Amino acid sequence: MKIIKQISRLYIPVFASLCISSCTDSFLEQPALGALSEDVIANKEGAEKLLIGAYAALDGAGFGGGAWEAAPDNWVYGTVAGGEASKGSFGGDQPAIDQIVKFISNPSNGYYNSKWKALYEGVKRTNNTLKLLSIATEISPEDSKNIAAQARFLRGHYYFELKKMWNMVPWVDETTEDPKQPNNVDIWPNIEADFQFAFENLPATQSDFGRANKWAAAAYLGKTYLYQGKFPEAKTTFTDVINNGVNQGGVKYALIDRFSDNFDAAEENNSETVFDIQMVANDGTGTIGNANQGGMLNFPYNSPFRCCGFFQPSQDLVNSYKTDPVTGLPDLNSYNQNPVKSDMGITSNDPFTPYTGTLDPRLDWTVGRRGVPYHDWGKHPGAAWIREQTYGGPYAPKKNIYWQATQDLYSDQSSWAPGTALNVRVIRFADVLLMAAEAEAHAGSLDVALGYVNKVRQRAANPDGFLKEYIDDNDPMAGFKETSTAANYTISDYTLADFASKEMALERIYFERKLELAMEGHRFFDLVRWGIAEETLNAYFDYQGDITTDVRGGKFIPGKSEYYPIPQAQIDLSVGADGQPTLTQNPGY
C-alpha cells in the first residue's frame with residue numbers, strides 16, 4: 001500500500017518544519033513558526049511523523065519554484081541534458097531549460113536553486129528525525145534502529161542526488177552546529193556510511209511498501225560504489241542483492257514479465273521495485289500535490305492530456321532502437337545512419353506510413369510516434385499533438401502516460417496540468433542487473449556480465465509484452481489483437497563473442513542501459529561517470545541540431561560541464577561574518 005504518500009502531507013505543517021536546534025536564514029535552516037517543542041514529540045509517534053515528513057520531501061515539490069524544476073525523476077538534468085529528449089513545447093516556454101541542456105547556463109539559473117533547496121530540505125528533515133531520536137523516550141531500541149536506518153537511507157539518497165549534480169557540496173548532519181559548512185570535502189565516504197548503516201540495520205521487509213528496506217539500501221550502496229569506480233565492492237554488493245534481495249513486501253527481486261508494466265500504475269510495487277517514490281492520484285486534497293507534479297508539463301500538447309508538450313524523445317534515441325534483421329542486435333556505432341522514419345514536416349491530415357524496419361520493442365513503450373498505438377488512446381496522430389515540430393521534434397513521451405481505461409484511478413485532473421499515480425522509479429531491478437553487469441565486466445567476469453544483460457534483453461523479447469495493433473482503429477478501447485504487433489519487432493541475445501573483451505562488454509552494457517532506462521533520468525549522469533560525455537553529447541548536438549532547433553549551439557566543455565554550477569543564491573546565503581562565502585563555485589562557472 002502507498003501509505004507513505006497518502007499520510008505524509010498530514011504532518012508536514014507541524015512536524016517537518018521543526019528546527020530542533022537553533023535556526024538561521026541559511027540555505028539549510030529556516031525559522032520554524034508555531035513549531036512544537038522537543039518534549040512534546042520526543043517519542044515514537046513524533047519520530048515516525050518526522051520520518052514521514054522526510055519521505056514526503058522525495059517529490060521535490062513545494063520548496064520554491066515550479067515543481068518541475070526539482071522533479072525527482074531528473075527529467076531535465078538527466079534525460080534532456082543526456083540527449084535522450086528535447087525540452088519540447090516551444091522556445092519561449094521555460095527557456096531556462098534550454099540553457100541547461102546546451103551547457104550555457106550560469107549559476108543564476110533558478111532551476112539549480114530549486115533543485116538544491118528541495119534536496120537540502122530532505123537532508124534537513126532526515127537530520128531532524130535523527131536529532132529527535134537521540135532524546136526520544138517511550139521508543140524501543142528496535143523501533144529506534146529502524147527509524148534511524150530509514151532516515152539515513154533517505155539522507156544518503158538526498159546527498160547522492162546532490163553529489164551527482166554538483167560534486168562538491170557541503171555535508172551537514174544531525175551533529176552539525178553551524179549549517180554554513182564549506183564544500184571542500186568529498187562526501188562519498190559519508191554517503192557510503194549512511195547506506196552501509198541502513199543496510200546493516202533495516203529489516204528485510206517493512207510494514208508499508210513505500211519505506212526503504214535493507215535490500216534497497218544494499219542496491220543503493222552498490223550504486224554508490226559504482227559511481228566511485230569501486231568495482232570489486234560494487235560486484236560483491238550487487239551479487240548479494242541479486243541472490244538474496246527481496247522487495248519491501250518480501251518478494252524476491254525479479255524482472256516482471258512485461259517491460260511495459262513498469263510504467264503502469266496498476267502494476268507497480270512489484271518484484272522489480274527496489275525503491276520507488278510513491279505517488280497517488282485523487283487523494284481528496286483537491287490538488288495534484290501527491291500525484292507526481294514534477295512531471296505535470298510532460299504530456300502531448302493539444303491532446304486529451306491537455307498540457308504541455310514538454311519532454312519529447314529525440315531522433316537520436318529513437319534510432320538507437322533499430323535492430324539488425326538477422327541478429328536482432330542494435331547498431332552500436334552508426335545507429336543514426338538510415339534513421340527511423342518520422343513524420344517530421346508532415347501534417348496529421350497527410351498520409352504517413354511508419355517505419356517498417358526491425359526494431360527493439362522497447363521503443364514503442366518509451367516513445368510515442370505517428371501511426372503507432374499510444375496505449376489505448378488511439379494511434380498517435382503526429383503533428384496535431386506536437387506544439388512545434390521544428391523546435392522539439394515529432395515524438396512524445398510514453399513511460400509517464402496513464403492509460404485511458406484506468407484514468408479515473410490513476411490520473412489526477414485537479415490542476416491546469418495532469419498529475420498521475422505513476423511512481424518515480426529510483427532503482428528498479430533491471431537497473432541493478434545492468435549495474436552488476438558493469439561491475440562484473442570490470443572484474444573480468446564477462447560471462448556473468450553477459451548473463452545479466454541477456455536477462456534484461458530476454459524480458460524485452462517476451463512477445464506477450466509487445467505492443468499490439470488495435471482490433472478497431474476507430475475504437476481503441478475495444479482492445480488489441482492477439483497476434484498482430486504494432487511494428488516489426490526483432491530482438492535477440494548477445495553471445496560470448498560479443499563480450500570477448502572488457503571493452504566490448506562495457507560498450508554493449510552502456511548501450512543496453514540507454515535502451516532499457518531511457519527517459520528515466522539516468523543518461524547524463526551515466527555518460528559523465530563513464531567519461532564519455534564530451535564525445536557522446538557533442539556528437540548528439542551535431543546530429544540532432546540538424547533536425548531540431550532546440551539544441552543548436554550546444555556544447556559540452558570537459559572540465560566544466562560534468563557538473564552543474566552551484567546556485568549563486570546559495571553562495572550568497574553562505575556568506576559568513578567575515579563577509580566571505582563558505583561555498584566555492586564549481587570550475588568553469
Side-chain angles (χ1 to χ4, degrees), residues 222 226 231-232 234-236 238-239 241-243 253-260 262 272 316-340 355-366 428-467 485 487-518 522-523 526-527 530 532 535-536:
L226 197 66
F231 301 115
K235 175 182 180 296
T236 299
F238 287 133
T239 299
V241 173
I242 290 167
N243 290 341
Y253 289 136
L255 299 176
I256 56 177
D257 291 341
R258 291 165 48 91
F259 172 77
S260 62
N262 282 294
E272 195 161 340
D316 178 278
L317 177 65
V318 170
N319 293 342
S320 301
Y321 288 96
K322 293 187 304 177
T323 58
D324 184 282
V326 176
T327 66
L329 298 176
D331 182 349
L332 304 181
N333 299 309
S334 54
Y335 59 87
N336 279 329
Q337 295 179 12
N338 303 311
V340 174
Y355 181 76
T356 58
T358 50
L359 295 165
D360 185 316
R362 289 172 289 189
L363 168 64
D364 289 324
W365 293 117
T366 304
R428 58 186 177 91
F429 190 57
D431 185 7
V432 170
L433 288 172
L434 293 175
M435 289 191 290
E438 198 175 325
E440 295 286 355
H442 279 284
S445 309
L446 302 181
D447 56 336
V448 179
L450 171 67
Y452 289 153
V453 172
N454 279 342
K455 279 182 181 292
V456 174
R457 293 184 64 80
Q458 287 159 10
R459 191 266 298 279
N462 174 13
D464 291 338
F466 289 2
L467 182 61
T485 58
N488 185 7
Y489 301 129
T490 299
I491 179 173
S492 302
D493 288 0
Y494 283 110
T495 67
L496 271 174
D498 299 310
F499 278 56
S501 68
K502 181 178 82 171
E503 292 71 26
M504 291 177 65
L506 288 173
E507 183 180 28
R508 283 151 181 79
I509 293 164
Y510 294 171
F511 206 81
E512 195 65 25
R513 284 187 67 82
K514 182 180 185 182
L515 300 175
E516 176 71 17
L517 302 171
H522 300 283
R523 181 66 173 169
D526 277 346
L527 293 174
W530 293 331
I532 61 173
E535 164 195 352
T536 304

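Nothing here was measured: the structure is a model prediction, and the numbers come from that model.
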Across all chains, not counting sequence neighbours, the side-chain hydrogen bond (donor to acceptor under 3.5 Å, both in side chains) partners of Thr485 are none

Just jot down the side-chain hydrogen bond (donor to acceptor under 3.5 Å, both in side chains) partners of Thr536, sequence neighbours excluded, or say none.
none

Residues that Leu450 engages under side chain to side chain contact (heavy atoms under 4.5 Å, CB included), provided they are two or more places apart
Asn454, Tyr494, Leu496, Phe499

Please list all pairs meeting salt bridge (charged side-chain N to carboxylate O under 4.0 Å, His left out) that have one or both residues in residues 501-515, counting only residues at least two apart or in different chains.
Asp316-Lys514, Arg362-Glu512, Asp431-Arg513, Arg457-Glu512, Arg513-Asp526

Met504 and Ala497: which non-hydrogen atoms are nearest, and at how many Å?
CE-O, 3.2 Å

In Å and rounded to the nearest 0.5 Å, what is the CD1 to CG distance from Ile509 to Leu506?
5.0 Å

Where do Ser320 and Leu515 come nearest, in terms of heavy atoms and distance?
O-CD2, 3.4 Å

Under a 4.5 Å cut-off applied to non-hydrogen side-chain atoms, are Tyr510 and Ile532 in contact?
yes

Results of salt bridge (charged side-chain N to carboxylate O under 4.0 Å, His left out) for Lys455 - residues two or more places apart only
none

Residues that Thr358 engages under side chain to side chain contact (heavy atoms under 4.5 Å, CB included), provided they are two or more places apart
Thr323, Pro325, Asn488, Thr490

Measure the shortest side-chain to side-chain distance between Val448 and Thr239 over non-hydrogen atoms and say whether it is less than 4.5 angstrom.
no

For the backbone of Pro361 and the side chain of Asp364, can you confirm whether one donor and one acceptor N or O come within less than 3.5 Å of each other?
no

Begin from the C-alpha positions of Leu517 and Arg428 and carry the test side-chain contact (heavy atoms from CB on, under 4.5 Å) through to its verdict.
CA-CA 10 Å; Leu517 302 171; Arg428 58 186 177 91; 3.6 Å; yes

Mind listing the side-chain donor-acceptor pairs of residues 458-466 below 3.5 Å, one per line with the distance, residues two or more places apart or on another chain?
unit_1: Gln458; atom_1: NE2; unit_2: Asp493; atom_2: OD2; d: 2.8
unit_1: Arg459; atom_1: NH1; unit_2: Ile256; atom_2: O; d: 3.0
unit_1: Arg459; atom_1: NH1; unit_2: Glu272; atom_2: OE1; d: 2.7
unit_1: Arg459; atom_1: NH2; unit_2: Glu272; atom_2: OE2; d: 3.1
unit_1: Arg459; atom_1: NH2; unit_2: Glu516; atom_2: OE2; d: 2.9
unit_1: Asn462; atom_1: OD1; unit_2: Asp464; atom_2: N; d: 3.0
unit_1: Asn462; atom_1: ND2; unit_2: Asp257; atom_2: O; d: 3.1

Any side-chain heavy atom of Thr327 sitting closer than 4.5 Å to one from Ser492?
no

Residue pair Ala437 / Ala449: nearest heavy atoms and the distance that separates them
O-CB, 3.4 Å

Side chains of Tyr253 and Val241, heavy atoms from C-beta outward: is any pair under 4.5 Å?
yes

By ring-ring contact (aromatic ring centres under 6.0 Å, His included) - contacts of His442 (at least two apart):
Phe231

Of all pairs that satisfy salt bridge (charged side-chain N to carboxylate O under 4.0 Å, His left out), the ones with a partner from residues 321-334, not counting sequence neighbours
none

Set of residues satisfying side chain to side chain contact (heavy atoms under 4.5 Å, CB included) with respect to Ala436, sequence neighbours excluded
Phe238, Ile242, Tyr452

Minimum heavy-atom separation for Ala505 and Leu446, please, with both atom names.
CB-CD2, 4.0 Å

Holding to side chain to side chain contact (heavy atoms under 4.5 Å, CB included), I want the full list of residues that pass it with Pro339, two or more places apart in sequence or in another chain.
Gln315, Asn319, Tyr543

According to side-chain hydrogen bond (donor to acceptor under 3.5 Å, both in side chains), who are the partners of Glu438, at least two apart in sequence or on a separate chain?
Arg529, Trp530

Taking side chain as C-beta onward, heavy atoms only, is Thr366 less than 4.5 Å from Phe259?
yes

Do the side chains of Glu535 and Leu527 get nearer than 4.5 Å, heavy atoms only?
no

